[in-house]
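Chain letters run A, B, ... following the sequence lines, proteins first, then strands; residues in each count from 1.
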Amino acid sequence: MPTSAYLLLGAALFCMGVFGVLTRRNAIGVLIGVELMTNAVNLNLIALSRANGHLTGQAFALFSLALTVAEVIVGLAIVLLLYRSHRSVLTDSAVEMKG
Amino acid sequence: MNEWLSGLQTLLIPVLLTAALLLLILADLLLPFRGGKDGSGGNPKNALGVIAFLQLAAVAVVSWLSPASGLWVGKSWVDDSWTVFLHRLFLTAGMLAVLGMYAHGKKNFARRQGEFYTLLFASLIGMTLLAGARDLLLIVVAFELMGMPLYIMAAYGKTDGDSAQGPAAPGLLRATPARRPAEAGLKLYLVGAVSAAITLYGVSLLYGLSGSTQLVDLAKAPSSPLLFVGVAMTIAGFSFKLGLAPFQFWIPDTYQGAPTPFVSFLSVAPKAAGLTALGTILLIGFGQRGDIWIPTLLAVAVVTMVAGNLLALPQLHLKRLLGNSGVAQMGTMIIGLLAVGVQTAHGQPDPAGLRALLFYFVGYLAANTGLFLVVEALAASRTANDAPETRDMIAGLSGLNRRSPGLALAALLCLLSLAGIPFVVGFWAKLYVFVAAWQAGQAWLVILAAALAVIGLFYYLRVARSMYLGEPTTEAPVPVPWSLKIAILVTALATAGLGLMPGPLVEAARAAVAGFTGL
Amino acid sequence: MNIASPITLAAVAVMAPLATFLIIGLIAPLRRSGKPAAWVGILGATTSTVAAALLVVDGRSDILIADWLGAGGKFFASIGFQVDGISASMLLVVSLVAWCVQVFSLGYMSDETPAGLGRYYTWHSLFLFSMNGLVMSPNALQLFLCWELVGLASYLLIGFYFRKPSAGRAAVKAFWITKLADIGLGAGLVALYVLTAKASPDGLGSFDWSPQVAQAIGTGGATVVAGLFFVAVMGKSAQFPLHIWLPDAMEGPTPVSALLHAATMVAAGVYLVVRAYPLFQAAPDVLLFMTYLGAWTAIFAAVIATVQTDIKKVLAYSTCSQLGYMVSGLGAGSLFGGYFHLFTHAGFKALLFLGAGALIHAVHSNELTDMGGLWRKMKLSGTAFILGALALAGVPGLAGFFSKDTILEALHASGQTVPWLMLLLAAGLTAFYMTRVVALALFGKPGHHTEHAHEAPASMLIPVLLLAVTAVGAGYMGGPLAKMVGAEYAFHWSMTGIIATSLGLLGIAAGWAIYGARIVTAEQLAVFAPIGNFIRASAVDRSAAWVYRNAMLGLGSGIAWFDRYVVDGVMNLTAWLAMSGGQQLRTFQSGRAGDYVYAVLVGVVLLVAAGLWNA
Amino acid sequence: MAETIAFGIIAACMLGSGLLAVTSKKLVHSVLWLAATLVSTAALYVALAAPFLAAMQIVLYTGGVVTLMLFGVMLTDQAHDVGAANLSGKRLPAVLLGLLLFGLLAAAIQRTSLPPIVEAPPASTVELGKVLLLDHVVAFEALSVLLLATMIGAIVLARRNDVQD
């Protein structure tokens, strides 16, 4: 398969993630969108690593994986906090500060 | 083995900070919590703030004693004079943050002070790593290391003054935490997580097209549409942390809801770190090919300055005002970066813009931190009698001069500095940036920025006016905890002192840029 | 005479007000005590005045440039004192006027609370320090720094009655407009540095304004720099259309108006041109623009002054108008003419404002109609005021005559016929409106406050009388002043002088006829029987009145209206646009995190699209 | 040919489950569809000669992240508004924005000549480890600090309030 096929696939997945981020009101739903986006990044990295013929991209993808895990942990902690303070996990339930 | 040791030595400051972080965790485990209802007095955990400060001070002393070695760790990190300058900047910011936080933490999250300082240290480690990072992978990881603790710290704390409590939930969820910090953390986090994904996508393209993660190798990437997309997405991703429009909307909300001493930190150090990271990527990687990024960044800078100033104009809430004005300030700093970019692209790298940038960081650190700390001092001194709607509002500063002339003077100096009035450091910072930009042929940008600065002057002086001409609701002086007093004094003195005698700082910035490897 | 070196004297003159500012400002009990603080302030002004006088007598030139910011001379900022004929004489004028104003204020501001008085003198000291620092600047950078400080101090002084909303607004407006114009000075400064850096072999720029610099940066560079500088001059020295802050700034205490409008704040703009004249000379386009804009401002403001009923507003527009003269004169290439007029104007305008202050103090009103007949009550102040008015009107022998004549001569000599005619017309109008003020305020129908009026106290009279001397004498200083500036000057009658004098006298006659003697009535004109009959028959008197009312008043009011609503309106519109733009943007700040993420992604799409567009 | 077919099938699985992950009404379904997407991506990693990454993807991502998310969903299940309004009404602009972005990215990818994927035996984990620990040792250490800080932070935020201050 040509490299561009993988990149196109990644781009499609990334844009699905964008769609998810934009449409989900549930904070965990937004996180799912973000996961799709980072997953697309990893696919990119590994495909490009292969295309470049070395392992740096794979290493990068590993780092990216770990970062994502950390991000999800923090995100869920914040979602729990939001739930406890607002009795809701909808992102637009917290709208006290604006303007 | 030897290589390892020299690596550790080169990475002295981050390594020391990591050791300090571990020590802090240990101290936190050893010190019991014992506090009254209000957490005042006799809580052994209070010592953590002192320990954190002393640790940072010790690291800062080491940093001041050890000149740049110029050594590399692999090909990803370098300990040059640029790195050293930024280290000192971040350590100073960290110390100010601890000083600012000490009284706040003691009172508001007595039990969780240790974790706060631990997170602060983690964020500082990220910044110190960013300062010397010359590798995309390291930049991304260090950037996240800096950023993720910030998400948590923004959601920290329980007091937000006028928090409305929701109905109590059963069981596990009996106690309701404050609403505003949660909201602040959520907004910062959501925008940050999306931006992180965007940055990663952009960076993955840069890596793929150049075949390497090292910044110097980025220049080898052949010009292609995908490269432009990669650069654009990288800029977009970083713009979130820098608070460039339209990625800046989280700023006022998060500033408003997060603990003020933390905001004083959030509003300066991470931005400086992020800007230097973006700057190193663009200048080292694409310095010769300014056409890839200069037009984009130029547009972003203009939009940012306009939006920041206009959004700050109607604000009556001090933290929101400072948040939006900070957006405008970032726009001005970007001009410095653009100036270097244009000169470098013309094949005559002139580091005037970089010098201006470093100078600006210091001035901005002093003025912005000082101002937020004054806001904190006022908020902390509030009693139950004060109207809740005046909390953190400009109106809350009304007549401050009559209550606490010293505090008002400190705030005034900081305001004038941010507005770019002569005799305080902010003026030199702006002038320096403008000269660099004009030299790079961006005269129109200078005139635009100067015109927008007039708007800035308006809202900054409105605050000053309220302090000096407004009627105080009480004549009682504002009680300021000693730690906060020291921090405010230091920032005010720096603002005035560097305004009257910017020479040493100019020289330091010159030396820092002279040793910048990569240009 | 060798008391101290010129640099020492200059340092004393600049630093004395700074010291008093710090003393009054930082020692709160002293400030709150009122009178003692005032005396400290006056002491500072006295020291400055004495030092300036010694400097003028000394007559030596010197320059001290200290490398302020260190960095081994590599960084651009240097400060110091440039002592020469221009700066020394200007220093004396500034200090003297400030001294007069401060002494005058002792009486005028006697109703203020002690704390208020202390605050007032604190700002005065700050103002004098910044103004003196500006005058002694050896380069554009220091001038800019002090210029900003002058702006700040004047903002504080104009807004002194800050509890009065209109005063607050006026202060803000003055500040904003001058600030807006200051962009020009700031940008000009940056441009100057960059251009000199480009021209110098070591790549380091400077903020010098010497002829060598002008030569180095060439006509193109000089045009950019001088043009940008002139934008700031337009703001500070109230040139059309940036003059709109000046009439509003009358909300401040009257002595403040005297200070700002006579020798100091508004003069700073003209002074900048005088100092940076080598750069301006290298930019003929800018000079030409100045000639026309100055002339237009002179006549425009003079017309508006004819219909004002507030005595301070008349004087304010008159200041605009006279500044127009100076700018036009400088534009026509006469450095000395512009500076000479600045010099004489300082004296008589301060006199007029302080005299007006005495009148206002007596009747507690600014309105001309409330003052009528004050002459009987206030012989001394009245005489002084009349002297000032005559000096402004350009009556031969008094100060204004000589300097105005120099400017008109210069315009004539340079062949600028249109501005020359405009300025001649403005000269007539000036005489007319000043006569109107004198006639209405001093000799008109007594207002109901007039009965209780009495002569001003000594603290107010002394400065007024002192200034009256300068209003008479300053004109004869032309020769020595020219020598100090480095020009030649000797007065002689010329065609221009004769025309201007005739127009001036005509203006006085017309003014007096209409507002003083009220002779334009049919009965009085009937003395000239045949003509009178003819006039009666053809109703020329009525038509003259009609013409006057509709043409003259109409024109004046029309321009005043234009001023108020169009020029002002544009400024207000800009402010409103900025504010409502901010409000509009705030709707995006919806508080919903989802919307912020939306903004981020829209931003990404835009940046990516822009990137692809570039690629 | 077989390779293309295999790629096509995996890609279809990935995109299909991804689409379901962002459109399912029920959040639990979304999380499960996300897991399916991640697993199909792992299959692509194998095709790209990155078996270690595929394993990590399944262990860390699918095992860790998805489990965490399920926990999150269950813990917040009592929220009165979950399920009621999971999707916002602004779907059309989101679709347009997503398509626009995809169009731009696809255009850029199409117009860029990329090096081809080299068919090669899978890289050994040892080599990968060398890259990680030799070239990127600083980042590796930074990552460990990051994970530590994240743990501390998450605990401090998620801890029950009544045992706090």
Side-chain angles (χ1 to χ4, degrees), chain A residues 1-9 11-20 22-26 28-29 31-33 35-36 39 42-43 46-47 49-53 55-56 58-59 61-63 65-70 72-74 76-81 83-84 87-90 93, chain D residues 7 11 15 18-19 21-22 27 30-31 34 37-38 41 44-45 48-50 53 56 60-61 64-65 68-69 72-73 75-76 79-82 85-88 91 94-95 97-98 101-102 105-106 109-110 114-118 123 127-128 131-132 136 139 143 146-147 150 153-154 157-158:
Chain A
M1 295 304 295
T3 312
S4 61
Y6 288 97
L7 290 193
L8 280 175
L9 204 55
L13 202 57
F14 189 82
C15 294
M16 271 180 200
V18 167
F19 173 79
L22 291 180
T23 49
R24 292 287 181 190
R25 293 175 61 212
N26 188 317
I28 297 177
L31 278 186
I32 292 174
E35 289 316 303
L36 287 180
N39 193 45
N42 288 346
L43 182 56
I46 292 170
S49 179
R50 194 79 223 144
N52 278 306
L55 290 176
T56 311
Q58 288 197 24
L62 261 180
F63 277 104
L65 259 171
L67 287 179
T68 315
V69 172
V72 170
I73 294 173
V74 173
L76 286 176
I78 287 179
V79 170
L80 279 182
L81 186 72
Y83 174 53
R84 292 216 318 269
R87 300 278 158 265
S88 166
V89 282
L90 298 191
S93 65
Chain D
F7 179 84
L15 292 181
L19 199 61
V22 294
L27 207 56
S30 278
V31 178
L34 173 67
T37 318
L38 298 177
T41 319
L44 279 181
Y45 293 173
L48 284 165
L53 261 292
M56 292 315 280
L60 259 184
Y61 235 150
V65 171
L68 269 175
M69 283 194 163
V73 172
L75 275 176
T76 59
H80 56 78
D81 42 17
V82 157
N86 204 356
L87 291 171
S88 78
R91 245 170 289 181
V95 169
L97 206 63
L101 186 60
F102 179 72
L105 293 179
I109 293 168
Q110 289 295 354
L114 291 156
I117 298 285
V118 190
E127 279 169 61
L128 188 58
V131 174
L132 274 182
H136 299 292
L143 190 65
L146 169 62
L147 289 172
T150 315
L157 279 193

Worksheet entry | Steps toward side chain to side chain contact (heavy atoms under 4.5 Å, CB included) verdict (A:N42, D:L53) | CA-CA 10 Å; A:N42 288 346; D:L53 261 292; over 6 Å; no
Worksheet entry | side-chain hydrogen bond (donor to acceptor under 3.5 Å, both in side chains) assessment of A:E35 paired with D:Y61 | CA-CA 9 Å; A:E35 289 316 303; D:Y61 235 150; 3.3 Å; yes
Practice prompt. For A:I46 and D:L44, run side chain to side chain contact (heavy atoms under 4.5 Å, CB included): C-alpha distance rounded to whole Å, both residues' side-chain angles, the deciding distance at 0.1 Å, then the answer.
Written response: CA-CA 9 Å; A:I46 292 170; D:L44 279 181; over 6 Å; no
Worksheet item: Should D:L143 and A:L67 be marked as a side chain to side chain contact (heavy atoms under 4.5 Å, CB included) after you check the CA-CA gap, both sets of side-chain angles, and the distance that decides it?
Response: CA-CA 8 Å; D:L143 190 65; A:L67 287 179; 3.8 Å; yes
Discussion item. Working note: A:Y6 + D:L48, criterion side chain to side chain contact (heavy atoms under 4.5 Å, CB included); need CA distance, chi angles, decisive distance, verdict.
Written reply: CA-CA 10 Å; A:Y6 288 97; D:L48 284 165; 3.7 Å; yes
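Considering all non-hydrogen atoms of both residues, A:M16 and D:G18 come closest at SD-C, 3.8 Å. What you find for A:F19 and D:V95 is that their closest heavy atoms are CE1-CG2, 3.3 Å. The nearest pair of heavy atoms linking D:T150 to A:A70 is CG2-O, 3.3 Å. Between A:A66 and D:L147, the shortest heavy-atom distance links the atoms O-CD2, 4.3 Å. The minimum heavy-atom distance between D:V22 and A:G20, with the atom names listed, is CG1-CA, 3.6 Å. For the residue pair A:I28 and D:G72, the shortest heavy atom distance occurs at CD1-C, 3.5 Å.
Ranked by heavy-atom pairs under 4.5 Å with chain D, the list A:N39, A:L62, A:V69 is led by A:N39. Highest contact tally toward chain D, considering only A:L76, A:V79, A:V18, is held by A:L76 [criterion: heavy-atom pairs under 4.5 Å]. Most heavy-atom pairs under 4.5 Å with chain D: of the set A:V72, A:L31, A:L43, this distinction falls to A:L43. Of the residues considered (A:S49, A:G17, A:A61, A:A47), A:A47 shows the highest number of contacts with chain D, using heavy-atom pairs under 4.5 Å.
Atoms CD and CE, on A:Q58 and D:M56 in that order, are 12.5 Å from each other to the nearest 0.5 Å. Between atom OG of residue A:S4 and atom CG of residue D:L114 there is a gap of 6.5 Å, rounded to the nearest 0.5 Å. Here the CG-OG1 distance, from A:L36 to D:T41, works out to 8.5 Å after rounding to the nearest 0.5 Å. The CG atom of D:L128 lies 9.5 Å from the OG1 atom of A:T56; values are rounded to the nearest 0.5 Å. Rounding to the nearest 0.5 Å places CG of A:L8 at 4.5 Å from CD1 of D:I109.
Contacts of D:F7 with chain A are made by side-chain atoms alone, with heavy-atom separations under 4.5 Å and no backbone atom involved. Looking at D:L34, the atoms closer than 4.5 Å to chain A (heavy atoms on both sides) all sit in the side chain, from C-beta outward. Interface residue D:L97: only side-chain heavy atoms are found under 4.5 Å from chain A. Contact annotation for D:L105: only side-chain heavy atoms (C-beta onward) come within less than 4.5 Å of a heavy atom of chain A.
The shortest side-chain heavy-atom distance between A:L80 and D:L75 falls under the 4.5 Å cut-off. Two residues are said to be in side-chain contact when any heavy atoms from C-beta on lie closer than 4.5 Å; D:L132 and A:F63 meet this criterion.
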